Every structure is written in C-alpha cells, then in structure tokens.
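Step one of this worksheet: look at the structure below.
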Amino acid sequence: MIKRAFSNDELSKLPNKGIEAQKIRALLMAYGTKYDFCRFYYSECFVFCEMSGSYVVAEIVEDLSDCALEELSDFLDFNGFTEIFCSEYLGRKLLQTLSRPFKKVNLMCFNADRICMSQPNIDRNPSLDEVFNILKSVFDIDYETWYVDMSHRVRHNIAKIRKLDNSVLVIQYDINGEVLLSQISTSPEFQNKGNASRLIKAVCAELSGRDIIIICEDKLVPFYNKIGFKKVSNKFIIR
C-alpha cells in the first residue's frame, strides 16, 4: 500500500546511493515533510516524491511484482503528473499501462583521471538574478518558480551555484559521495568559446573524490565525452 510520509523515519528505506534516491533525499533535506506542495510517499517497493506535479521514483527492491507496478501506475494516473523521472527498467514497466510520451536520457559519470589542475577564476556566489538571465536564454523556465526553489535550496546548503564569465552550472546536490551537476548554460553570444568546458572541469576538480554525474540528451553525449564523462546508464522521463 502506498502511504504518504509525514516524518523522515518513514523514509528510512530510501537507498543510500543512486540518482533517484539522492534527488528525493535532496528535496527531503531542503523542505522536509511538512509542505503540501512537496510530498513524499513510500510502499514496500518504492520511495518517491512529488513537487508541483513532478515525480521522482526510487525502487527499493530488485524484483518488482505486477501488483506493485499496477498500484504505482494507478496512483500516478489517478493523481496526475507533469513528469516522472525513474530508471529505464521502471520506465518501461510503467509505459505498459501509462499511455504517455517519454524520452530516454543519458546518465554520465566523470572520470576522476581527467581532473584539470589549472583553476580559472570562478564566481562561487553569483546573484540568482544574474544566473537566471543566463539560464533563461537557454531554457524555458519561469522566474518565480525557479527563484523560490533555488534560493531555498541554496539557503539550506543543498544546492550551490558556480559561474565563469557567461557560463553557469548548479551543483544540485552533494550527498553520500554523489554529486549531480545540472542547468549547465552559456549565454548564446558566448557559446563555442570553451567557457562551459572550463567551468565544468574546474567544478569537477573542486569536487574531487565524489562520483560526479550529469543527465543529458543524446546530442550532448559527445560534448561530455570530450570533457571526461562516460555514459553509465539510461534514465526515463515520462510526461
């Protein structure tokens, strides 16, 4: 049976490793279980969270029964969603009952042997407005939604932002030796000058000793390969 969690103790089965688990854990650390717009759920087979219609689902058992999959599918279909982020295995299972579009993305991990020793002058505390102005030139994002969430995560030391010239990235979380880099962007007029590559390499050097991961679409795999990332698996995004 799927239940809503109202305390951290109810989510004790959340795995210590894995991007789905860490995404959930980062939200739990930032918001806790008290807010209605950010909800956490659990069952015998899953731990998952929902924020503004976007779900992240982590599996806590290897062999998922048809009953457990049906229950999760019915829950998601009944409550509605804008997006589900999950493993490829779970995504394929859910798509057997959820008639929704999806895309497959690449999970890539940085090769620690490619650490760059030269360190450019990185801004470690850029203003959020400055960062947003760069992001909006690349992504279709809403200012208020992004600002409220990002400022909260930064204030609670869950997320960190780094900037080099007109390139930015977000260290989405740094938990249990795993790091997720996201929202990597360069203003259009400054693209193809190597700024984003230098920024990513410098941040990877800063975070040396962790497993540093990014999520990207197929067209960006060659770019990240050149920097030192290697594909390790696929993830599904169902919409």
Side-chain angles (χ1 to χ4, degrees), residues 1-8 10-15 18-61 63-107 132 135-136 138-153 158-159 170 172-173 180 182-183 215-217 233-239:
M1 178 182 296
I2 293 174
K3 299 179 181 179
R4 182 177 173 183
F6 291 98
S7 71
N8 289 19
E10 293 174 279
L11 302 172
S12 61
K13 292 184 178 180
L14 186 64
I19 185 172
E20 294 89 357
Q22 306 302 37
K23 276 176 166 280
I24 295 169
R25 186 169 280 108
L27 280 173
L28 184 61
M29 293 168 66
Y31 292 102
T33 57
K34 63 182 179 180
Y35 294 105
D36 202 46
F37 66 85
C38 183
R39 300 183 180 188
F40 299 86
Y41 300 90
Y42 65 98
S43 69
E44 290 298 317
C45 298
F46 307 101
V47 173
F48 58 101
C49 66
E50 178 266 329
M51 185 172 180
S52 302
S54 181
Y55 284 83
V56 180
V57 185
E59 302 144 57
I60 58 177
V61 297
D63 297 320
L64 297 174
S65 67
D66 290 341
C67 182
L69 287 164
E70 182 180 1
E71 181 186 28
L72 177 63
S73 178
D74 288 346
F75 178 94
L76 294 168
D77 192 39
F78 177 81
N79 287 281
F81 57 87
T82 56
E83 180 177 289
I84 304 169
F85 182 88
C86 62
S87 69
E88 180 178 11
Y89 169 73
L90 179 57
R92 292 192 183 281
K93 290 290 187 181
L94 289 174
L95 287 170
Q96 293 176 9
T97 54
L98 295 174
S99 299
R100 301 289 288 266
F102 75 97
K103 68 177 179 179
K104 185 167 59 175
V105 292
N106 304 281
L107 176 67
F132 180 80
L135 291 176
K136 75 175 182 179
V138 180
F139 299 110
D140 181 19
I141 56 176
D142 175 72
Y143 174 79
E144 184 176 357
T145 301
W146 179 86
Y147 186 92
V148 170
D149 181 48
M150 188 55 61
S151 61
H152 188 87
R153 291 175 188 248
I158 307 302
V170 175
Q172 199 69 36
Y173 60 73
L180 174 63
S182 68
Q183 300 181 38
I215 295 286
C216 73
E217 298 183 3
S233 67
N234 292 313
K235 299 296 177 181
F236 266 40
I237 298 174
I238 302 173
R239 292 183 169 134

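Keep in mind the model is a prediction, meaning the values are calculated, not measured.
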Val105 vs Phe236 side-chain heavy atoms within contact, under 4.5 Å =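 With C-beta onward as the side chain, the pair stays apart.
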Which value, rounded to the nearest 0.5 Å, describes the distance between [X] atom [atom1] and [Y] atom [atom2]?
X	Y	atom1	atom2	answer
Leu94	Ile238	CG	CD1	5.0 Å
Ile24	Tyr41	CD1	OH	12.5 Å
Cys67	Leu72	SG	CG	11.5 Å

What residues form a side-chain contact (heavy atoms from CB on, under 4.5 Å) with [X], not counting sequence neighbours?
X	result
Asp63	none
Lys13	Glu44, Ile60
Lys136	Phe132, Asn133
Asp142	Glu144, Thr145

Contacts of Tyr147 that satisfy ring pair (Phe, Tyr, Trp, His ring centres under 6.0 Å) - sequence neighbours left out = Tyr143
Derivation and outcome, side chain to side chain contact (heavy atoms under 4.5 Å, CB included), residues Phe46 and Leu64 = CA-CA 9 Å; Phe46 307 101; Leu64 297 174; 3.9 Å; yes
So, using side chain to side chain donor-acceptor pair (under 3.5 Å) as the criterion, who are the partners of [X] when residues are at least two apart?
X	result
Ser182	Gln172
Arg239	Glu83
Ser7	Glu10
Lys235	Glu20

Please set out all donor-acceptor pairs under 3.5 angstrom arising from side-chain atoms of residues 73-81, sequence neighbours excluded.
| residue | atom | partner | partner atom | Å |
| --- | --- | --- | --- | --- |
| Ser73 | OG | Thr97 | OG1 | 2.6 |
| Asn79 | ND2 | Phe75 | O | 2.8 |

message = Over 60° means perpendicular and under 30° means parallel, so tell me whether Tyr35 and Phe37 are parallel, tilted or perpendicular.
response = tilted
task = Test Ile84 against Phe102 for side chain to side chain contact (heavy atoms under 4.5 Å, CB included), laying out the working first.
result = CA-CA 9 Å; Ile84 304 169; Phe102 75 97; over 6 Å; no
task = Mind jotting down which residue pairs meet the salt bridge (charged side-chain N to carboxylate O under 4.0 Å, His left out) criterion with at least one end in residues 24-34? Sequence neighbours excluded, please.
result =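 Of all non-adjacent pairs touching residues 24-34, none passes salt bridge (charged side-chain N to carboxylate O under 4.0 Å, His left out).
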Below 3.5 Å, can you tabulate the donor-acceptor pairs from side chains in residues 50-57 to any protein atom, sequence neighbours excluded?
| residue | atom | partner | partner atom | Å |
| --- | --- | --- | --- | --- |
| Glu50 | OE2 | Ser52 | N | 3.3 |
| Glu50 | OE2 | Gly53 | N | 2.6 |

inquiry  = A cation-pi test, strictly: NZ or CZ of Lys23 under 6.0 Å from the centre of the six-membered ring of Phe85 and no more than 45 degrees from its axis. Yes or no?
reply    =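 Output yes; distance and angle both within limits.
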